[in-house]
Amino acid sequence: MNDVLIRTPLTELTGVRHPIVQTGMGWVAGPRLVSAAADAGALGILASATMSADRLRSAVREVKSRTDAPFGVNLRADAGDAAERVRIIVDEGVKVASFALAPSRELIARLKDAGVVVIPSVGARRHAEKVAAWGADAVVVQGGEGGGHTGSVATSVLLPQVADAVDIPVIAAGGFRDGRGLVAALAFGAAGIAMGTRFLLTSDSPVPDAVKARYLAAAVQDVTVTTKVDGLPHRMLRTELVDALERSGRAASLLRAVRHAAAFRRESGMSWARMLRDGRTMKHGKELSWSQVLLAANTPMLLKASMVEGRTDLGVMAAGQVAGLIDDLPSCAELVDRVMAEAHATLHALSGT
Ligand SMILES: Cc1cc2nc3c(=O)[nH]c(=O)nc-3n(C[C@H](O)[C@H](O)[C@H](O)COP(=O)(O)O)c2cc1C
């Protein structure tokens, strides 16, 4: 194991060895990837939005059986069963709760009272200010080049803006893959980096080989943003399916959404009543129509088709622009060691020592 250590507020807060986070990616960040990342000294985060609550509990136990290192769980603050998931996190002694959308003040307080470190992900300064005022311990800030749901402001602009606005640790996401990026993020005022696409492309990631091969073959220009999957800007590999979605009309989109909602209900163990309640929560305070709420089920099902079933023709492959720069599949241990060694060399080169 690499003995380069860079202590930051992130390593202090969470007890991880290195200021690197492996983000919670639906269907990808399961027990195998998370325990490998945690063992490598990064903060591994389990993606729970695509798991039933029972599956979450067993996944958490599986990670604990594989590693003693701290790890986290990513959840949707607006899920109808968020309280049950929080109970699992607390009961099982999970170190970090990460949120895709801003959690409520009450949820943050509940987790903090139980000693859990709360780290929401944000894509705008005002969201960072809000969760900081509510007591969040740190924030992940994702720039527009990042994979999955994403904003339009680049990391190089958003990160210093957020770092100047809040006085909790800020973790930079969107576009990172190496030690130069880590040093650049630290220079911008971050306490570490969070990487999605880079950890997806490791030998520890459970994604089928054929899917990994599509990512490795992609150039930067092959990564695009579409709103046609679920109505929100979503960064992914450009494929024939994505082109077809871009061309398809409203009726076809809705039909697909209904099919996916039915499949997601079966997968997640949710009742229709709970899905409707969740839908109402999603709509609340936002300008969303029921058709947009239904579209939300597209993402997990289309992601599953590729990430689990290996169907690059039927599924979507969420990806950051950085996919265009990645051409190997190291293990998590090799990746983290490499990033830390590069960061160390970069710092020395910059300081002339
Ligand atoms: C395949 C994939 C699935 C993702 N799923 C989720 C998710 O379920 N929840 C979430 O908060 N973010 C999700 N993301 C976003 C990542 O957590 C992370 O913020 C992003 O990948 C960072 O940008 P990068 O890909 O440039 O490293 C996903 C990203 C990818 C590539």
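For ligands, and for the atoms within them, numbers begin at 1 and follow the listed sequence.
- The neighbour count for Asp113 CG, taken as heavy atoms of other residues, nucleotides or ligands under 6.0 Å away, is above 12.
- A 4.5 Å side-chain heavy-atom check between Leu111 and Phe99 finds at least one atom pair inside the cut-off.
- Looking at Gln142 against ligand 1, only its side chain comes within 4.0 Å, counting heavy atoms.
- Electrostatic pairing of Arg17 and Asp39 does not count as a salt bridge here, judged by no charged N lying under 4.0 Å from a carboxylate O.
- When each atom of ligand 1 is checked for a heavy atom of Gly26 under 4.0 Å away, the hits are 3 (C), 4 (C), 5 (N), 6 (C), 7 (C), 8 (O).
- Near Leu200, the atoms of ligand 1 lying under 4.0 angstrom from a non-hydrogen atom of the residue are 1 (C).
- Geometrically, ligand 1 and Arg198 share no nitrogen or oxygen pair separated by less than 3.5 Å.
- Val34 has its side chain out of reach of Glu62: every pair of non-hydrogen atoms, C-beta onward, lies at least 4.5 Å apart.
- Closest to atom 29 (C) of ligand 1 by heavy atom, among His234, Arg235, Gln22, Met25, is Met25.
- Taking every non-hydrogen atom of Ala100 and a distance limit under 4.0 Å, the qualifying atoms of ligand 1 come out as 11 (O).
- Proximity to Met195 (heavy-atom distance under 4.0 Å) selects the following atoms of ligand 1: 27 (O).
- Judged by the shortest distance from any of its heavy atoms, Ala47 lies outside the 4.0 Å radius around the atoms of ligand 1.
- In summary, the atoms of ligand 1 found under 4.0 Å from a heavy atom of Thr23, numbered by their order in the structure, are 16 (C), 17 (O), 18 (C).
- Among the atoms of Gly24, some N or O lies under 3.5 angstrom from an N or O of ligand 1.
- Of all atoms in ligand 1, numbered sequentially from 1 with element shown, those under 4.0 Å from a heavy atom of Asn74 are 9 (N), 11 (O).
- One finds the OG1 atom of Thr224 at 7.5 Å from the CZ atom of Arg235 (value rounded to the nearest 0.5 Å).
- Residue contacts with ligand 1: Ala173 is placed with no nitrogen or oxygen under 3.5 Å of a nitrogen or oxygen of the ligand (distance criterion only).
- Of all atoms in ligand 1, listed by their number and element, those nearer than 4.0 Å to a heavy atom of Gly147 are 15 (C), 20 (C), 21 (O), 23 (O), 24 (P), 25 (O), 26 (O), 29 (C).
- In this structure, CG on Leu201 lies 8.5 Å from CG on Asp328, to the nearest 0.5 angstrom.
- In summary, the atoms of ligand 1 found under 4.0 Å from a heavy atom of Gly174, numbered by their order in the structure, are 22 (C), 23 (O), 26 (O).
- The closest side-chain heavy-atom distance from Leu56 to Arg61 is not below 4.5 Å.
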